[in-house]
Participant: 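The structure follows.
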Amino acid sequence: MKNYEIAWILLEYADLLDLTGENPFKARAYRRAARQLEQLSQPVTELNRQGRLTEINGVGSTISNQIAELLATGSIAAMESLKKQVPSGLFTVLTVPGVGPIRAHLFYQELGITSLAELEEAARKRQLRKLKGIGNKVEATILDGIRRLTDPQFSQRLPLALADEYADLLISRLNLTPEVVEVAVAGSLRRRVETVGDLDLLVATQAPEDVGAFFRSFPEFTKILTAGLTKISAYHRGGFQVDLQMVLPNQFPAALAHFTGSKEHNIRLRQLAKAKNYRLNEYGFQNLKAEGSDFLPTSEAELFNFIELPFIEPELREDRGEIEAAQAGELPQLITVTDIQGDLHIHSRWSDGLATIEEIARAAAARGYSYIAICDHSQSLSIAKGLTFQRLQAQRQEIANLNQHGDLGIFILSGIEVDILNDQLDFPDAVLAEADVVVASIHSGFKQPPETIMSRIELALRNPHVDILAHPTGRLLGRRAGYAIDLDRIIDLAVETQTALEINAFPDRLDLDDRSTRQALERGAMVVINSDSHRLEHLDNMRYGVSVARRAWAEPHQILNCRNLQGLREWLTSR
DNA sequence: GCCGTTTTCGGCCCGACTGTTTTCAGTCG
């Protein structure tokens with residue numbers, strides 16, 4: 001059993017505890033334990049064998065015994081008996097905005113509601129308002145929430161790139177009013193999570209009423225959900241929620257940290273503040289012992305320093321070990337976009353790209369790169385005008401000419417994105433050996449059984465000419481899950497064969513994702529960030545790949561294309 | 001359920017907003 005699978009079961013247990021009206025701190029204990037398991041670098045099965053489970057933070061005698069039971073028997077008896085008390089449909093009832101564990105439990109106890117459909121029917125028949133503490137407003141909120149849950153437009157999380165665009169528009173609009181002193185993106189978008197559920201914006205102002213009224217009047221909002229003195233929530237016509245927080249200018253740094261989160265990270269910070277006899281909230285530090293000795297940080301760095309931590313980058317604020325690393329002075333020196341020296345996966349007009357190689361080279365040079373690799377598709381991918389051997393030869397000649405006479409200020413490597421077919425690569429070794437860079441990837445047979453896909457990928461990784469495995473899981477955000485692969489095994493093979501794993505920076509892909517990348521890096525795999533550009537503007541998608549790498553704690557020396565051309569060539573020839 | 005240079009018992013992060021109340025419970029982030 002994998003760590004994340006065990007963690008998932010503990011999370012389910014926590015939900016069950018919530019739904020049965022147990023002590024909320026008990027559920028929190030299980031969530032905390034699950035979180036610790038997820039970020040563990042060693043297998044839980046191994047720790048269990050060694051009887052060392054209780055060494056994990058948040059795992060005591062009960063949970064360690066239950067994990068042992070789970071590993072031995074495949075289930076936890078206490079959890080199974082809870083499941084008998086709680087129909088599985090109650091979990092979906094919990095997803096309705098305005099319905100938490102207490103109300104879900106109440107609806108189940110009093111009305112026998114165990115599904116979304118039953119909840120909707122009860123609300124329509126005005127049954128809910130008969131219950132204690134529930135009125136017509138709550139009923140309406142629940143009906144609206146169910147409508148939103150089942151509306152396809154609202155059912156998907158917003159991809160990072162799209163969220164950036166919407167946020168930029170809202171921020172430039174907010175800046176039109178002079179009462180706005182400062183605006184910033186907060187929440188998961190600032191932490192650069194691959195998809196965001198809603199947009200969090202923070203404004204510094206002396207006049208929150210005016211800013212609030214201005215904000216509420218934005219035409220793109222289809223409904224104002226809440227409108228308080230400091231917080232406004234609205235539905236955006238793009239199918240997501242926007243939360244605006246307003247604070248006084250001198251509260252801005254503390255508020256920025258607070259609303260950036262994550263929630264779990266904030267809890268850790270507040271615990272540290274509390275140990276120093278301070279309460280930390282969105283307004284600053286309040287001294288719990290001495291009135292008037294409050295502290296308003298003037299920057300996020302000052303806020304961290306006050307609780308004896310160095311500045312922690314937003315991408316790391318997930319309570320995935322960053323607090324401990326900060327305390328030990330072992331935070332990573334995260335990669336930035338300016339560390340990127342080149343892009344090793346770009347398509348030209350020779351296959352399904354729109355730009356010529358020369359146009360690409362000039363655009364890449366303008367972005368400060370010192371090299372690029374043109375990796376057009378191979379022959380079998382006819383839908384993408386895949387290159388035959390003859391056309392590949394002609395393309396190589398063009399690249400050679402450009403390098404020789406082009407005056408481009410950038411070096412063009414001649415590459416190929418070779419398709420991984422069912423039992424071979426799309427070009428023979430002799431052809432691959434001639435390429436400067438070989439990127440291998442799967443474009444067919446997504447639904448094959450795991451063994452089949454895995455043997456194809458293994459074939460590619462074991463081929464000595466293959467330098468990079470591109471978009472390793474094949475997932476498309478919000479559209480297609482990845483292939484059924486064993487990522488642990490792929491990472492092991494990549495390390496063994498010294499093949500680089502790609503973070504494909506295309507906003508639809510972001511493949512590998514942050515968690516997988518972190519695993520790969522921890523186990524010593526080489527990682528490369530590529531744009532997979534098909535037109536010139538796509539080169540700018542590199543930053544989304546860099547975001548993934550930053551969330552994976554990547555430092556420049558771990559990323560292949562942070563090397564200069566000589567370093568890259570040394571790596572390519574050393575393998 | 002977990003945990004301990006204030007603690008082996010009694011805490012466990014903190015506040016905004018709404019609705020159903022008549023001082024607070026529930027939800028959310």
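In the text below, chain A, chain B and the rest are named by the order of the sequence lines, each starting its count at 1.
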Participant: If you compare every side-chain N and O of A:K263 against the phosphate oxygens of B:dC14 (OP1, OP2), does one of them come in below 4.0 Å?
Facilitator: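 So the side-chain polar atoms of A:K263 never come under 4.0 Å of the phosphate oxygens OP1 or OP2 of B:dC14.
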Participant: Do the side-chain N or O atoms of A:T62 get closer than 4.0 angstrom to the phosphate oxygens (OP1, OP2) of B:dC2?
Facilitator: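 Looking at the OP1 and OP2 atoms of B:dC2, one of them is under 4.0 Å from a side-chain N or O of A:T62.
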Participant: Considering just the side-chain nitrogens and oxygens of A:Y283, establish if one lies under 4.0 Å of OP1 or OP2 belonging to B:dA16.
Facilitator: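 For B:dA16, OP1/OP2 do have a side-chain N/O of A:Y283 under 4.0 Å.
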Participant: Taking Watson-Crick (N1-N3 plus N6-O4 or O6-N4) and G-U wobble (N1-O2, O6-N3), each under 3.5 Å, can you produce the dot-bracket string of DNA chain B? Use [ ] for crossing pairs and | for inter-strand ones.
Facilitator: ((((....)))).((((((....))))))
Participant: Would you indicate what A:N23 reaches in the nucleic acid, counting non-hydrogen atoms under 4.0 angstrom: base, sugar-phosphate, or nothing?
Facilitator: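 Base contact - A:N23 has a heavy atom under 4.0 Å of at least one base atom.
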Participant: With a cut-off of less than 4.0 Å, is there a side-chain N or O of A:R103 near OP1 or OP2 of B:dA25?
Facilitator: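 No.
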Participant: Quick check on DNA chain B: between A:T141 and A:Q271, whose nearest nucleotide comes earlier from the 5' end?
Facilitator: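 The 5'-side residue here is A:Q271.
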Participant: Would you check if there is a donor-acceptor pair between the side chains of A:S516 and A:D513 at a distance under 3.5 Å?
Facilitator: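 Yes, side-chain donor-acceptor contact under 3.5 Å.
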Participant: Would you kindly check if the NZ (Lys) or CZ (Arg) of A:K231 is within the cone defined by 45 degrees around the ring axis of A:F259 and under 6.0 Å from the six-membered ring centre?
Facilitator: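 Pair A:K231/A:F259 does not count as cation-pi.
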Participant: What integer number of Å spans the C1' atoms of B:dG29 and B:dT23?
Facilitator: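 Their C1' atoms lie roughly 24 Å apart.
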Participant: Decide yes or no on side-chain contact (heavy atoms from CB on, under 4.5 Å) for A:H258 and A:L269, but give the supporting numbers first.
Facilitator: CA-CA 10 Å; A:H258 174 88; A:L269 295 191; over 6 Å; no
Participant: Just N and O in the side chain of A:T230: are any of them under 4.0 Å from OP1 or OP2 of B:dC17?
Facilitator: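 Answer is yes, contact under 4.0 Å.
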